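Input: a single structure, listed below in structure tokens.
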Amino acid sequence: MQPTMEEFDSEDSGVQDVGPQINGLVVQILQTMSVLLVRIRQKLLEMAILICVILLVFWVALFLYGSFYYSFMPTANFITPVYFFYSRTDCPSPHHSMCSFPVANVSLLKNGKHQVMTYGQPYQITLELQMPESLANQELGMFLVKMTPYSKDGQIVDISTRSAMLHYRSSLLQALGTVVFSPMLLTGASEQKQSVIVELYSEFKDDSYNPTVGAIIEIHSQRIQIYRAHLYIFAHFTGIRYLLYHFPLISALLGVMSNFTFLSLIIVLSFLQFNLGSRRTRGKAVMRQEENDEPDDLNNQSEPQDEGKAPESFDSIECNSAEVEESIPDVGVEESDSDSRELTEDESTCEAGVGEMILRHRHLSQGTLQSPQALTDITDKTYYRVGVCSSC
């Protein structure tokens with residue numbers, strides 16, 4: 001059977017009905033995708049800002065710890081060579097070619113500018129002498145080493161003297177050592193020498209009023225033989241400085257993390273305070289705006305009410321005075337002393353009640369009296385009616 005025109009029309013109508021639905025669905029999907037993209041972009045931007053802030057805070061914390069370490073930690077050790085010289089060589093005795101003691105002037109400044117020792121920090125100062133195992137040094141025996149620190153003005157800060165000598169070695173031990181180390185001695189890798197360490201100060205503290213800038217070292221011996229000499233200055237750390245020097249990695253980690261936590265806490269509290277302050281400011285502005293708007297609203301509301309009440313009151317008085325009336329019973333007035341209590345024609349009274357009380361007076365004629373006797377006695381009396389007026 002061939003499809004009829006009605007079937008084709010029904011199919012076309014079905015296709016036409018599905019088209020708008022597909023278009024609406026596609027539009028909705030596109031809107032959802034655009035919203036998601038905007039949110040994703042916003043989240044990525046927030047994450048980037050957060051990462052930048054974290055990195056900035058980390059570098060600031062690292063800089064603060066480095067500055068603290070550099071300013072708080074003094075010089076741990078200082079090593080400088082000592083060069084001896086002789087002040088006099090014109091000796092009167094022919095047996096000694098040098099008449100004075102070996103003397104050295106040592107500077108205790110870094111690069112000639114910065115002081116090595118910090119005020120209040122104890123230091124150990126030692127002198128290392130590399131002396132050959134010569135016959136002259138062995139016959140020398142004990143000798144004296146003197147150190148005299150001085151300030152910038154040339155004032156003597158302190159004086160220290162210590163004695164020293166070569167370590168004793170017998171002739172047999174020297175012979176055995178020479179045989180064993182002969183290959184290195186022949187190649188020049190080793191020398192027949194001893195290192196004599198003289199401790200000049202165990203705990204030297206620099207004076208803040210007279211800081212030490214140099215020292216003079218003397219060896220009280222004219223026949224001493226020295227290869228080379230070095231002056232060592234070591235700091236004795238205690239407390240936090242001991243931890244910072246002997247455990248540098250752990251101290252750095254704790255210091256940087258503590259600074260990072262402190263800075264992060266300050267930033268978070270500042271952000272919260274800023275938000276609370278802005279919210280309070282907005283709330284105060286809204287309250288002020290509402291307070292300013294309230295009188296205008298009250299005026300706008302009161303004006304139409306007042307305008308509408310005036311005519312209503314007059315209309316209510318006019319309509320209700322006629323409709324709702326309570327008549328006072330007509331009472332005849334006898335000729336007696338009570339005539340002095342009669343009301344005048346133009347006098348009016350008002351009493352407070354539920355509604356507005358309106359006193360309406362009426363001039364009653366003679367025909368409205370109840371009895372003929374009253375007509376003869378009272379020719380013209382005034383009676384009153386009271387009406388209650390309410391809104392129509």
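Note that the structure is a prediction, hence the values are computed from the model and not measured.
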I'd like to know if the side chain of [X] reaches the main chain of [Y], judged simply by a donor and an acceptor atom lying under 3.5 Å from each other, with no hydrogens or angles considered.
| X | Y | answer |
| --- | --- | --- |
| Gln155 | Asn210 | no |
| Tyr123 | Thr118 | yes |
| Asn137 | Gln225 | yes |
| Asp207 | Tyr209 | yes |
| Ser160 | Leu200 | yes |
| Ser190 | Met184 | no |
| Arg162 | Glu199 | yes |

Greater than 12 external heavy atoms within 6.0 Å of [X]'s [atom1]:
| X | atom1 | answer |
| --- | --- | --- |
| His246 | NE2 | yes |
| Ile250 | CD1 | no |
| Glu46 | CD | yes |
| Ile240 | CD1 | no |
| Ile156 | CD1 | no |
| Tyr227 | OH | yes |

Could you pull out all residues at least two apart from [X] that satisfy ring pair (Phe, Tyr, Trp, His ring centres under 6.0 Å)?
| X | value |
| --- | --- |
| Phe68 | Phe72 |
| Tyr150 | none |
| Phe78 | none |

Test item: Lys152 and Gln115 side chains (from C-beta on) under 4.5 Å apart, heavy atoms: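 Contact flag for Lys152/Gln115 side chains = no.
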Should [X] and [Y] be counted in the same cluster of Ile, Leu, Val, Met, Phe, Trp and Tyr side chains packed under 4.5 Å apart?
| X | Y | value |
| --- | --- | --- |
| Phe84 | Ile224 | yes |
| Met73 | Ile233 | no |
| Tyr242 | Leu244 | yes |
| Leu129 | Met165 | no |
| Trp59 | Ile54 | yes |

Criterion side chain to side chain contact (heavy atoms under 4.5 Å, CB included) on Met147 and Tyr201, from CA distance to verdict: CA-CA 9 Å; Met147 181 177 179; Tyr201 288 96; 4.0 Å; yes
ILVMFWY clustering at 4.5 Å (side-chain atoms), partners of Tyr168: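 Direct or chained contacts put Tyr168 with none.
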Option passing side chain to side chain contact (heavy atoms under 4.5 Å, CB included) with Val82 (candidates Leu127, Ile226, Ile219):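 Single side chain to side chain contact (heavy atoms under 4.5 Å, CB included) partner of Val82 among Leu127, Ile226, Ile219: Leu127.
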Acceptor/donor pairs from residues 24-33 side chains to any protein atom, 3.5 angstrom cut, sequence neighbours excluded:
residue: Thr32; atom: OG1; partner: Gln28; partner atom: O; Å: 2.8

Qualifying salt bridge (Lys or Arg N to Asp or Glu O under 4.0 Å) pairs, either residue in residues 117-139, two or more places apart: Glu133-Arg169
